[in-house]
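Here the structure comes first, spelled out in structure tokens, and everything after it is commentary.
Just the heavy atoms: all of them, side chains too, but no hydrogens, waters or symmetry mates, feed the values below.
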Amino acid sequence: FNLTTNTHNSYRSNKVLRQTYLLLAISLLPTAIGAWIGILTGFSALFTGFLGFIFLLLTSIVFIFAIEKTKNSVFGIPVLLLFTFFMGLILSPLIGKTLGYRNGAELISVAFLGTASIFFGMSTLATVIKKDLSSMGKFLFVGVILLIFATLLNVFFQSSTLMIVL
């Protein structure tokens, strides 16, 4: 048992975690700016129809490949931030439509706070728990598949009980 090695490994993993969370926080800014610009300019009009869909799909694929290609270079983070800006532009029609509702700002705030709370809770759990949770992977994957299947069933059956359970 070597206390120095365990402390060093813990420090390294916490450093990687801190850097990952910092990058995640930084990447939220271009997303928000992209959504804001998209709402103000009506940029979403370019995304309508079949050609707009193809443009979105191809641009997203190009960005994903560019991120993979530049992940170990100095251009990796700027490409990632451009991708998140583009995703903000893509989100702008949905956010604009939601803000048009009477309680639109409240809906977006609740969604953001709920997501942030779950993320914070899971992050805390991941850093505090010392047990290997990889054995839960198959169980959780089956759960996600069942959840997707139940959601698709509910599209056809329109069961309010199933909607509440989901």
Side-chain angles (χ1 to χ4, degrees), residues 13 16-36 38-39 42-68 71 79-166:
S13 79
V16 169
L17 212 53
R18 279 195 310 271
Q19 289 174 340
T20 302
Y21 291 153
L22 178 64
L23 185 58
L24 179 65
I26 290 170
S27 69
L28 284 175
L29 291 173
T31 306
I33 292 169
W36 181 63
I39 290 171
F43 191 72
S44 62
L46 296 175
F47 303 146
T48 57
F50 182 72
L51 288 177
F53 171 73
I54 296 298
F55 170 74
L56 287 176
L57 187 65
L58 291 178
T59 308
S60 297
I61 290 171
V62 166
F63 267 121
I64 290 169
F65 279 109
I67 289 169
E68 180 62 29
K71 69 181 176 184
V79 171
L80 175 71
L81 296 179
L82 276 172
F83 176 68
T84 59
F85 177 81
F86 180 71
M87 290 294 118
L89 285 175
I90 290 175
L91 278 175
S92 64
L94 177 66
I95 293 172
K97 183 84 168 170
T98 304
L99 285 174
Y101 295 141
R102 185 173 35 93
N103 62 340
E106 181 184 356
L107 289 172
I108 292 173
S109 299
V110 168
F112 175 76
L113 290 174
T115 303
S117 299
I118 291 170
F119 179 77
F120 179 74
M122 290 291 126
S123 299
T124 304
L125 180 68
T127 55
V128 170
I129 198 165
K130 301 298 180 201
K131 186 178 173 186
D132 181 22
L133 301 176
S134 61
S135 61
M136 294 178 62
K138 291 179 184 175
F139 173 74
L140 293 174
F141 183 71
V142 169
V144 167
I145 297 299
L146 289 175
L147 187 64
I148 292 170
F149 182 70
T151 303
L152 289 175
L153 276 179
N154 199 34
V155 167
F156 297 109
F157 291 121
Q158 299 291 321
S159 168
S160 57
T161 307
L162 187 57
M163 192 177 300
I164 290 171
V165 169
L166 293 175

Distance in Å, [X] [atom1] paired with [Y] [atom2], rounded so as to fall on 0.5 Å steps:
X: Phe149; Y: Asn154; atom1: CZ; atom2: CG; result: 12.0 Å
X: Leu80; Y: Ile64; atom1: CG; atom2: CD1; result: 11.5 Å
X: Phe63; Y: Met87; atom1: CZ; atom2: CE; result: 7.5 Å
X: Leu107; Y: Ile95; atom1: CG; atom2: CD1; result: 12.5 Å

Looking at side-chain heavy atoms only, is the closest gap between [X] and [Y] below 4.5 Å?
X: Leu51; Y: Phe55; result: no
X: Phe141; Y: Ile145; result: yes
X: Leu140; Y: Val144; result: no
X: Thr31; Y: Phe85; result: no
X: Phe86; Y: Leu82; result: no
X: Ser60; Y: Ile90; result: yes

Review point. Are any side-chain N or O atoms of Thr84 and backbone N or O atoms of Leu81, one a donor and one an acceptor, separated by less than 3.5 Å?
Key: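 Here the side-chain-to-backbone pair exists.
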
Exercise for review: Using a cut-off of 6.0 Å, state whether more than 12 heavy atoms not belonging to Phe119 lie near its atom CZ.
Suggested key: yes

